[in-house]
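Input: a single structure, listed below in structure tokens.
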Amino acid sequence: MPLLLTSSLPALPAPLAASSRARVRVAASAAASAPDGAGATARGFPSFLPRAVERIRDGAAIRLAKRIERVPVQTSFSGSPILSSCVRPLKQQQDADPIVLLHGFDSSCLEWRYTYPLLEEAGLEAWAVDILGWGFSDLATRPPCDVASKREHLYQFWKSYIKRPMVLVGPSLGAAVAIDFSINYPEAVSKLIFIGASVYSEGPKDMTRMPKFVSYAGVFILKSLPLRFLATRLAFNKTPNEFFDWVQVKHKCLIMWGEDDGIISSKLAYRLHQELPDAILRQVRQCGHIPHVEKPREAVKLVLEFLERDKAEKADGASSVTPVLTNG
């Protein structure tokens, strides 16, 4: 049974779900057709966002949407720089690794609307980046959006703007993007965090428990399981477990899973934990497929604990080194 990718369909607060059931698309197709420009709309949104963004009523989404910007990213497969959408930190730090947030299938950086502010409050340098082909990047030049292009685009973004090893976070299908990137550019990654990772072709454990989300991402168009799996195949050409050599993943990893994930079986979380050489597994109680949307505070707590644990282990390792004394 193939995999159902739904982390791009985040749960919305009750007021928004009840108010006219607005469907706000943040898919690349909508972004590509939106007017470009550095200005802002009357409500303060960047002018390149689709007009449907004006119907958003969720305060967290509004605040993050107003911070989205496009930055030029030069790649080998595009004659001109690709104006690439992201949310940048208010200030960059040098004393800790930046944390870079990817997103799920056909979603956008708005997926992090609840978690991003909490990461900033914790003092982290956080970036939310739209994967090439999805989100709000300018695709008017029609660049290729296959897995190699997604990988190079993310690398060139990192090389141009981040420039330091990063903690790379991938929810759902974004985990596959993160693993592929870290294998090909290990020097750009310090640690990996996976949330409800969609990295196997096995399917959902119970189709009747699919969440009834109001979509931010336009994925409601792909209503059937075969169409969603076809979209995954178009993005990756192979199912993820056919092209990953897990032994090559050398980084420390946090695997975060919703205890009540009705989309992907928890057995796959344990399988991933066993196959990755240096990983820890943490579950979020009373939570489904997307902890960073459903339980943002719990998700951030696990992220901070993972980062602090690594920092403590490095400190212990440094203190255990016996100094070598020499004469002269």
Side-chain angles (χ1 to χ4, degrees), residues 8 10 24-56 58-75 78 80-93 98-104 106-121 124-141 143 145 149-150 152-164 166-171 174 177 181 188 216-218 292:
S8 52
V24 183
R25 298 193 57 172
V26 299
S29 58
S33 62
D36 198 3
T41 67
R43 289 187 62 194
F45 295 111
S47 60
F48 57 79
L49 294 184
R51 292 180 181 177
V53 75
E54 299 284 348
R55 299 201 300 270
I56 294 178
D58 178 21
I62 291 172
R63 288 188 291 273
L64 195 61
K66 289 181 177 180
R67 289 183 58 180
I68 297 174
E69 58 184 292
R70 283 176 171 174
V71 297
V73 175
Q74 184 65 64
T75 64
S78 177
S80 57
I82 300 171
L83 294 177
S84 306
S85 47
C86 66
V87 176
R88 292 204 275 187
L90 298 176
K91 63 178 181 178
Q92 290 184 252
Q93 305 173 5
I99 184 165
V100 177
L101 311 169
L102 303 180
H103 54 74
D106 203 15
S107 184
S108 79
C109 51
L110 279 183
E111 191 174 304
W112 295 98
R113 59 195 179 277
Y114 303 130
T115 305
Y116 190 94
L118 299 177
L119 293 171
E120 284 196 323
E121 287 176 11
L124 298 181
E125 177 188 326
W127 300 69
V129 180
D130 283 343
I131 299 169
L132 181 66
W134 300 325
F136 299 107
S137 295
D138 183 5
L139 303 180
T141 59
C145 295
S149 301
K150 293 179 189 297
E152 183 189 339
H153 175 265
L154 180 57
Y155 175 73
Q156 294 300 337
F157 181 98
W158 171 83
K159 186 177 179 182
S160 298
Y161 300 102
I162 301 174
K163 304 177 182 179
R164 303 169 3 247
M166 58 185 171
V167 180
L168 190 56
V169 184
V177 176
F181 181 87
Y216 266 119
H292 56 299

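Atom-to-atom distance recorded for Ile131:CD1 and Ser149:OG is 13.5 Å, nearest 0.5 angstrom. To the nearest 0.5 Å, atoms CD (Glu152) and NZ (Lys159) are separated by 10.0 Å. Note that CG of Leu168 is 9.5 Å distant from CD1 of Ile99, once rounded to the nearest 0.5 Å. With rounding to the nearest 0.5 Å, the separation of CG in Leu154 from CZ in Phe181 is 4.5 Å. The distance from atom CG of Leu90 to atom CD of Gln92, rounded to the nearest 0.5 Å, is 11.0 Å. Rounded to the nearest 0.5 angstrom, Lys66 NZ and Leu49 CG are separated by 11.5 Å.
Using a 4.5 Å heavy-atom threshold, the side chains of Val169 and Leu102 count as separate. No side-chain heavy atom of Val73 sits under 4.5 Å from any side-chain heavy atom of Pro81. With a 4.5 Å cut-off on side-chain heavy atoms, Arg70 and Ser84 do not count as touching. Contact check for Tyr114 versus Asp58: side-chain heavy atoms found under the 4.5 Å cut-off. The closest side-chain heavy-atom distance from Arg164 to Pro98 is below 4.5 Å. The shortest side-chain heavy-atom distance between Arg88 and Arg67 does not fall under the 4.5 Å cut-off. Using a 4.5 Å heavy-atom threshold, the side chains of Pro171 and Trp112 count as touching. Considering only heavy atoms from C-beta on, Met166 comes within 4.5 Å of Trp158 through its side chain.
Val71 approaches Cys86 most closely through the heavy-atom pair CG2-SG, 4.2 Å. Here the closest non-hydrogen pair linking Cys109 and Val87 is SG-CG2, 4.0 Å. The minimum heavy-atom distance between Asp138 and Ile82, with the atom names listed, is O-CG2, 3.7 Å. In plain terms, the two heavy atoms of Ile68 and Phe136 that are nearest each other are CD1-CE1, 3.6 Å. For His103 against Asp130, the heavy-atom pair with the smallest separation is NE2-CA, 3.5 Å. Between Thr141 and Ser78 the shortest heavy-atom distance is OG1-OG, 4.2 Å.
Formation of a donor-acceptor pair under 3.5 Å by the Ser137 side chain with backbone atoms of Ser85 is found in this model. At distances below 3.5 Å, not a single donor-acceptor pair connects side-chain atoms of Arg113 with backbone N or O atoms of Ile62. At distances below 3.5 Å, at least one donor-acceptor pair connects side-chain atoms of Glu111 with backbone N or O atoms of Gly104. At distances below 3.5 Å, at least one donor-acceptor pair connects side-chain atoms of Tyr116 with backbone N or O atoms of Ala126. Counting only distance, with no hydrogens or angles, the side chain of Lys150 and the backbone of Leu132 share a donor-acceptor pair below 3.5 Å.
Relative ring orientation between Trp127 and Phe157 is described as perpendicular, the plane-to-plane angle rising above 60° on a 0-90° scale split at 30° and 60°.
Not a single side chain to side chain donor-acceptor pair (under 3.5 Å) links Thr75 to another residue, sequence neighbours left out.
Using a 4.0 Å cut-off between charged side-chain N and carboxylate O, Lys91 and Glu120 make no salt bridge.
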Test side chain to side chain contact (heavy atoms under 4.5 Å, CB included) on Gln156 and Gln74 and set out the steps.
CA-CA 7 Å; Gln156 294 300 337; Gln74 184 65 64; 6.0 Å; no
